Amino acid sequence: VVTLLAVARAGAIYLPVDPTYPTERVRYMLSDSGAALGLTGGAHIGDLPDEADWLVLDSAETTAALEARSADPITDAERLRPIRLDQPAYVIYTSGSTGRPKGVVVTHTGLGGVVDTAVDLYHLRAGHRFLHICSPSFDPSVLEWMAAFSSGATLVIVPAGIIGGPDLAELLKTERVTHTIITPAVLGTMDSTGIDSFEVLSVGGDVTTPELLAEWSQRTTYVNAYGPTEATIVSTFGEMEPGRPITIGEPIVGMTALVLDSRLRPVAAGMAGELYVAGRALARGYHRRNALTAERFVPNPYGE
């Protein structure tokens, strides 16, 4: 978490690399992204390819270098250039299920609307305890720590060995977690009995079910979130209630959502179509994939 904040303060772009990924996938991500520097720990350095220069954070050399640095905030004068809102904040690679993984380039501007909406919808404030369970390679992780820190809440980091079930349920109880972003699949592995500290439960990444909604909404606000990586984590939020249709809600601040036909014309209410999202949260595009970017990021005939 500190490393991600340090990269942002430096004005650089961060690329999460899961050390459990196959070596060839990691090598491809580093090569395709053009990563200039890798940050890691001594436990992983032996398994990482040499496509990047690695800074081992827990080495004696790095520790000594850090101790020699000032603790004062970094200024624009110390950076190569000032940080601008339209600059990239991070690159996250898609799963590659339809071919080679694609790097999605997301800007600082895109993060503003989703964080503002989440803080408002989740009623976040200092004293809340926000769960950090998403892998850093999964973009909702960005919302977890940004929503927590922007409101003064505490971030409760789930140990890597806990992925769900009774172990996660026990952690939620003992750490008195009040807010979480979680997939329906993981939520379904737990019994809600005794988990009484929850105030807001935000699900996403998969289809939620009436059964999950009925079980968990009895004691907490149940929010359904939807959004592709290409539109900065979450495009729409909706607060769900038992007995009512489960939807993906409404667009976040600064975004619009349209259901259009193959000629980009609005379809009638109740008719099938494709969902298009527009607004400032759109990513810059796919890294080094100009043709694919032009195909997927199309001009909006109904706005700017």
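All values reported here derive from a predicted model rather than from experimental measurement.
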Start with the C-alpha gap between L187 and V203, add the side-chain angles, then the distance that decides, and say whether side chain to side chain contact (heavy atoms under 4.5 Å, CB included) holds.
CA-CA 8 Å; L187 185 64; V203 298; 3.9 Å; yes
Joint cluster assignment, [X] & [Y], ILVMFWY side-chain distance < 4.5 Å:
X: M146; Y: L282; value: yes
X: V200; Y: V253; value: no
X: V2; Y: I157; value: no
X: L121; Y: I246; value: no
X: V104; Y: V277; value: yes

Under a 3.5 Å distance rule, please check whether [X] uses its side chain to pair with a backbone N or O of [Y] as donor and acceptor.
X: S197; Y: V177; answer: yes
X: S150; Y: A147; answer: yes
X: R288; Y: D32; answer: yes
X: T178; Y: E199; answer: no
X: T117; Y: G113; answer: yes
X: D58; Y: G42; answer: yes

To the nearest 0.5 Å, tell me how far [X] [atom1] sits from [Y] [atom2].
X: E241; Y: L213; atom1: CD; atom2: CG; answer: 9.0 Å
X: I45; Y: L55; atom1: CD1; atom2: CG; answer: 9.0 Å
X: S137; Y: Y93; atom1: OG; atom2: OH; answer: 12.0 Å
X: I163; Y: T189; atom1: CD1; atom2: OG1; answer: 8.0 Å
X: L171; Y: L131; atom1: CG; atom2: CG; answer: 6.5 Å
X: F297; Y: L292; atom1: CZ; atom2: CG; answer: 8.5 Å

Go through the side-chain N and O atoms of E51 and S31 and say whether any donor and acceptor fall under 3.5 Å apart.
no
So do [Y] and [X] actually touch side chain to side chain, heavy atoms under 4.5 Å?
X: E144; Y: I133; value: yes
X: V26; Y: T23; value: no
X: L15; Y: M29; value: yes
X: F149; Y: L5; value: yes
X: I92; Y: F138; value: no
X: V156; Y: F130; value: no
X: W54; Y: L37; value: no
X: K102; Y: H287; value: no

For H128, give me all partners under ring-ring contact (aromatic ring centres under 6.0 Å, His included), at least two apart in sequence or on another chain.
H179
F198: what forms a ring-ring contact (aromatic ring centres under 6.0 Å, His included) with it, not counting sequence neighbours?
none
Considering all heavy atoms, the nearest [X]-[Y] contact:
X: N224; Y: T247; value: ND2-O, 2.8 Å
X: Q87; Y: I83; value: OE1-CA, 3.4 Å
X: I162; Y: V158; value: O-CG1, 3.5 Å
X: R27; Y: P49; value: NH2-CB, 3.6 Å
X: T293; Y: R284; value: CG2-O, 4.2 Å
X: M190; Y: G165; value: CG-O, 3.5 Å

Could you check whether atom [atom1] of [X] has more than 12 heavy atoms from other residues, nucleotides or ligands sitting under 6.0 Å from it?
X: L66; atom1: CG; answer: yes
X: R79; atom1: CZ; answer: yes
X: E78; atom1: CD; answer: yes

Taking distance alone, no hydrogens or angles, what donor-acceptor pairs closer than 3.5 Å link side-chain atoms of residues 229-239 to residues at least two apart or in another chain?
unit_1: E230; atom_1: OE2; unit_2: Y286; atom_2: OH; d: 2.6
unit_1: T232; atom_1: OG1; unit_2: A281; atom_2: O; d: 2.4
unit_1: T236; atom_1: OG1; unit_2: I248; atom_2: O; d: 2.6

May I have the step-by-step check of side-chain hydrogen bond (donor to acceptor under 3.5 Å, both in side chains) for T208 and Y222, ending in yes or no?
CA-CA 10 Å; T208 194; Y222 195 99; 2.5 Å; yes
Please step through side chain to side chain contact (heavy atoms under 4.5 Å, CB included) for the pair R289 and R100, ending with a clear verdict.
CA-CA 11 Å; R289 302 284 189 92; R100 303 195 80 176; 3.8 Å; yes
Side chain to side chain contact (heavy atoms under 4.5 Å, CB included) evaluation trace for Y302 with L260:
CA-CA 11 Å; Y302 305 102; L260 309 176; 4.1 Å; yes
Tell me whether the guanidinium CZ or amine NZ of R25 lies under 6.0 angstrom from the six-membered ring centre of Y28 and within 45° of its axis.
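Relative to the ring axis of Y28, which defines the angle, R25 lies outside at least one limit.
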Would you call R84 and D86 a salt bridge, using N to O less than 4.0 angstrom?
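Yes, this pair counts.
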Under the side chain to side chain contact (heavy atoms under 4.5 Å, CB included) rule, what do L4 and W145 come out as? Steps first, then yes or no, please.
CA-CA 10 Å; L4 298 181; W145 56 268; 3.5 Å; yes
Can you check side-chain hydrogen bond (donor to acceptor under 3.5 Å, both in side chains) on D139 and Y90, steps first, answer last?
CA-CA 10 Å; D139 60 350; Y90 62 83; 4.7 Å; no
Using the side-chain contact (heavy atoms from CB on, under 4.5 Å) definition, which of the options L111, V115, V106 pairs with V142?
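Running side-chain contact (heavy atoms from CB on, under 4.5 Å) over L111, V115, V106 with V142 returns exactly one hit, L111.
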